[in-house]
K.L.:
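Got a structure for you, written out below as structure tokens; questions coming shortly.
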Amino acid sequence: MTLEHKKSIFVELGKFLSQFSEVENTKCQAVLYNDLYFDKFIDLIQLSPSHNGWYTNENVYFAIQSWAEALTEKNINQWLNSYNFDKVTSKTVGLVLAGNIPLVGFHDFISVLLSGHKVLIKTSSNDQHLLPFLAKYIISVEPKLEDYITFVEGKLENFDAVIATGSNNTARYFEYYFKDKPSIIRKSRNSVAVLDGNESEEQMIALGEDVFRYFGLGCRNVSKIFVPKEYNFDSFFGGMYHYHQVMKFEKYINNYDYNKAVFLMSNFNLLDNEFLIIKEDSSYASPISSVFYEYYDNLEDIKIKLQQDHEQIQCIVSNNLIENSVLFGQTQKPKLWDYADNIDTLNFLINL
């Protein structure tokens with residue numbers, strides 16, 4: 001298969017995914033194999049909360065729409081045009097996927113296939129259905145891909161390289177187990193926002209999207225904010241209030257009640273709006289339903305700190321206060337060329 005042909009396969013997948021949204025599922029007659037997959041995909045989306053209690057229909061649809069927007073001919077060309085795939089020798093790349101948010105390992109999946117390798121996939125027990133379904137769809141578009149895609153239930157065997165994602169604890173196991181293979185081992189990371197008090201109401205509402213999307217379970221979710229001394233948190237909580245519907249979700253509110261009780265028993269000083277707790281803390285990884293905050297004296301100190309701690313941080317949100325920061329509300333909509341952990345996955349795969 002030529003690179004152009006492989007691109008066209010994922011453009012077709014993007015067209016298929018573009019039919020599905022929380023507002024309305026709209027069947028387009030021009031999309032390939034809708035007769036086989038359209039209704040079944042709707043059924044799978046509706047069943048997702050039974051497969052994983054955190055996978056609400058809203059969040060699954062959000063993930064699907066994000067990928068539909070990414071998988072266009074223009075975006076794929078912009079992503080791939082700077083790479084040379086001519087000297088790639090096809091190998092088998094193992095993927096050990098996380099399951100914290102829907103389709104979290106999909107970027108690695110398409111990167112392996114577009115670079116010309118075969119993919120051997122071990123899905124998370126928390127996300128065993130969405131990716132296999134989409135794999136079946138693209139195999140229908142191009143049957144030759146069946147020889148390039150394999151899902152395994154046990155341990156990975158007979159592979160040449162691996163990309164594995166997990167917690168800091170599992171990463172230590174991965175580093176030992178895969179020590180003799182070329183690898184990318186991804187650990188836990190968190191995202192932060194740097195505020196100066198001049199943010200608009202709209203930006204604070206958008207920041208709530210960065211905090212609450214996927215209930216804060218993703219590495220691109222903002223789990224900590226940096227604020228100047230004497231910062232007034234009223235505007236922050238004003239923005240967060242637009243997401244008060246999370247109180248209706250039992251798993252979320254159970255975490256809120258539990259974490260608030262733990263914090264209070266430890267005599268921590270808290271700010272709380274009855275569905276989100278903020279706590280002054282130097283750590284980056286805050287529990288579900290909470291956000292940590294830390295004061296700063298000047299921006300230069302924060303820039304130095306964030307650079308020193310870059311291995312703990314996935315992305316930074318700010319109103320252009322920090323170089324290369326993400327706009328408010330955009331953390332969960334990365335471009336195809338926004339690599340996890342800032343590791344160029346395609347460059348790794350091309351040079352195997």
Side-chain angles (χ1 to χ4, degrees), residues 3 6-7 9-10 13-14 17 63-64 66-71 75-76 79-80 82-83 85 88 90-139 145 147-153 155-167 170-171 173-175 177-178 181-189 214 217-220 314-315 331-352:
L3 178 60
K6 285 182 285 189
K7 289 180 184 179
I9 294 168
F10 288 102
L13 177 60
L17 295 175
I64 291 167
S66 296
W67 277 109
E69 293 170 10
L71 294 176
N75 286 336
I76 293 173
W79 177 32
L80 300 183
S82 61
Y83 297 93
F85 299 90
V88 174
S90 183
K91 297 182 179 181
T92 298
V93 179
L95 298 182
V96 181
L97 303 182
N100 50 323
I101 65 175
L103 292 171
V104 67
F106 193 65
H107 192 277
D108 291 333
F109 173 76
I110 65 174
S111 296
V112 173
L113 293 176
L114 285 168
S115 61
H117 298 296
K118 296 180 178 180
V119 62
L120 186 67
I121 309 156
K122 182 173 177 58
T123 60
S124 166
S125 60
N126 292 324
D127 191 3
Q128 295 182 318
H129 303 278
L130 292 169
L131 181 55
F133 185 95
L134 298 185
K136 288 180 182 178
Y137 178 82
I138 63 171
I139 288 171
L145 284 175
D147 296 330
Y148 283 77
I149 302 171
T150 304
F151 288 88
V152 297
E153 294 185 0
K155 66 179 182 179
L156 290 181
E157 295 180 319
N158 302 317
F159 57 91
D160 302 299
V162 66
I163 302 174
T165 304
S167 66
T170 56
Y173 165 78
F174 291 152
E175 288 169 347
Y177 187 75
F178 300 127
K181 301 286 186 180
S183 64
I184 295 175
I185 307 298
R186 299 202 180 103
K187 303 176 182 179
S188 298
R189 288 199 182 212
Y214 304 124
L217 291 166
C219 63
R220 298 183 68 88
Q314 191 64 258
C315 56
T331 61
Q332 296 301 342
K333 292 185 176 182
K335 305 298 185 183
L336 291 170
W337 46 90
D338 291 332
Y339 291 107
D341 300 3
N342 293 315
I343 298 173
D344 190 325
T345 312
L346 276 183
N347 187 61
F348 166 78
L349 293 166
I350 288 169
N351 290 288
L352 287 177

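Computation of the quantities below employed the complete heavy-atom set of this structure, encompassing side-chain atoms and omitting hydrogens, waters and symmetry-equivalent molecules. Model, not experiment: these values are computed from the prediction.
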K.L.:
W67 and I110: side-chain contact (heavy atoms from CB on, under 4.5 Å), yes or no, with the steps?
P.N.:
CA-CA 11 Å; W67 277 109; I110 65 174; 3.8 Å; yes
K.L.:
Would a 4.5 Å heavy-atom cut-off, applied to side chains only, mark I9 and L145 as touching?
P.N.:
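Answer yes - side chains close enough.
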K.L.:
Could you go through F85 and L114, starting from their C-alpha distance and side-chain angles, then the distance that decides it, and tell me whether this counts as side-chain contact (heavy atoms from CB on, under 4.5 Å)?
P.N.:
CA-CA 9 Å; F85 299 90; L114 285 168; 5.6 Å; no
K.L.:
For K181, is the NZ atom crowded, meaning more than 12 foreign heavy atoms sit under 6.0 Å from it?
P.N.:
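Check passes, neighbour count above 12.
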K.L.:
What is the minimum heavy-atom distance between L130 and P102, and which atoms define it?
P.N.:
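For L130 versus P102, the nearest heavy atoms are CD1-CB, 3.9 Å.
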K.L.:
Assess whether atom NZ of K122 is packed by more than 12 heavy atoms of other residues, nucleotides or ligands within 6.0 Å.
P.N.:
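Yes.
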K.L.:
Tell me whether K7 at atom NZ has more than 12 heavy atoms from other residues, nucleotides or ligands lying less than 6.0 Å away.
P.N.:
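Yes - once you tally the heavy atoms of other residues, nucleotides and ligands closer than 6.0 Å, there are more than 12.
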K.L.:
Any idea which heavy atoms bring I149 and A135 closest together, and the distance?
P.N.:
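Where I149 meets A135 most closely, the heavy atoms are CG2-CB, 4.2 Å.
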K.L.:
Relative to the ring of H107, is the ring of W79 parallel (under 30°), tilted (30 to 60°) or perpendicular (over 60°)?
P.N.:
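Rings of W79 and H107: tilted, as their planes differ by 30° to 60°.
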K.L.:
Once you round to the nearest 0.5 Å, how far does CZ of F10 lie from CG of L17?
P.N.:
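Reported value, rounded in 0.5 Å steps: 11.0 Å.
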K.L.:
Does the side chain of Y214 come within less than 4.5 Å of N100's, by heavy atoms?
P.N.:
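They are not in side-chain contact.
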K.L.:
Holding to ring-ring contact (aromatic ring centres under 6.0 Å, His included), I want the full list of residues that pass it with F159, two or more places apart in sequence or in another chain.
P.N.:
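Counting only residues at least two positions away or on another chain, F159 forms a ring-ring contact (aromatic ring centres under 6.0 Å, His included) with F178.
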K.L.:
Which atom names give the shortest non-hydrogen contact between N126 and G99, and what distance separates them?
P.N.:
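Reported closest heavy-atom pair: CB-O, 3.6 Å.
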K.L.:
Could you go through the side-chain contact (heavy atoms from CB on, under 4.5 Å) check for D108 and V119 one step at a time?
P.N.:
CA-CA 9 Å; D108 291 333; V119 62; over 6 Å; no
K.L.:
Any idea which heavy atoms bring V112 and S115 closest together, and the distance?
P.N.:
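V112 and S115 have their closest heavy atoms at O-OG, 2.9 Å.
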K.L.:
Heavy atoms only: give me the nearest H117-L349 pair and the separation to one decimal.
P.N.:
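In this case the closest contact between H117 and L349 is NE2-O, 2.8 Å.
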K.L.:
As an exercise, state the distance from OH of Y148 to OG of S90, rounded to the nearest 0.5 Å.
P.N.:
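It comes to 5.0 Å.
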K.L.:
Any non-hydrogen side-chain atom of L71 less than 4.5 Å from a side-chain atom of F106?
P.N.:
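SC-SC contact between L71 and F106 confirmed.
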K.L.:
Using side-chain heavy atoms (C-beta onward) and a distance below 4.5 Å, is L131 in contact with F151?
P.N.:
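In short, these two side chains touch, coming nearer than 4.5 Å.
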K.L.:
Hey, what do you get for CD1 (I76) to CH2 (W337), rounding to the nearest 0.5 Å?
P.N.:
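Between atom CD1 of I76 and atom CH2 of W337 there are 10.5 Å.
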K.L.:
Roughly how far apart are T150 OG1 and K118 NZ, rounded to 0.5 Å?
P.N.:
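T150 OG1 to K118 NZ: 8.0 Å, rounded to 0.5 Å.
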K.L.:
Step through the shown structure and confirm whether more than 12 heavy atoms of other residues, nucleotides or ligands are within 6.0 Å of NZ on K6.
P.N.:
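Yes.
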K.L.:
In Å, rounded to the nearest 0.5 Å, how long is the span from CD of E175 to NZ of K187?
P.N.:
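With rounding to 0.5 Å, CD (E175) is 4.5 Å from NZ (K187).
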K.L.:
I'd like to know if the side chain of R220 and the backbone of Q332 have a donor-acceptor N/O pair within less than 3.5 Å.
P.N.:
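Pair absent, no side-chain N/O of R220 close to backbone of Q332.
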K.L.:
Nearest heavy-atom pair of K91 and D160: which atoms, and what distance?
P.N.:
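Here K91 and D160 meet closest at CB-OD2, 3.3 Å.
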K.L.:
Do the side chains of I163 and F174 get nearer than 4.5 Å, heavy atoms only?
P.N.:
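Heavy-atom side-chain distance check fails, nothing below 4.5 Å.
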K.L.:
Are any non-hydrogen side-chain atoms of D341 and I184 less than 4.5 angstrom apart?
P.N.:
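They are not in contact (no side-chain heavy atoms under 4.5 Å apart), so the answer is no.
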K.L.:
Under a 4.5 Å cut-off applied to non-hydrogen side-chain atoms, are I138 and L113 in contact?
P.N.:
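Yes, their side chains come closer than 4.5 Å.
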K.L.:
Got a second to check how far L134's CG is from L103's CG, nearest 0.5 Å?
P.N.:
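These two atoms lie 6.0 Å from each other.
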K.L.:
Is there a side-chain contact between N158 and T92 (heavy atoms, below 4.5 Å)?
P.N.:
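Not touching, per the 4.5 Å side-chain cut-off.
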K.L.:
Do the side-chain N and O atoms of N347 and Y339 include a donor-acceptor pair separated by under 3.5 angstrom?
P.N.:
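No, Y339 and N347 have no side-chain donor paired with an acceptor closer than 3.5 Å.
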K.L.:
Kindly say whether K335 contributes a backbone atom to a donor-acceptor pair with the side chain of D338 at under 3.5 angstrom?
P.N.:
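Here the side-chain-to-backbone pair exists.
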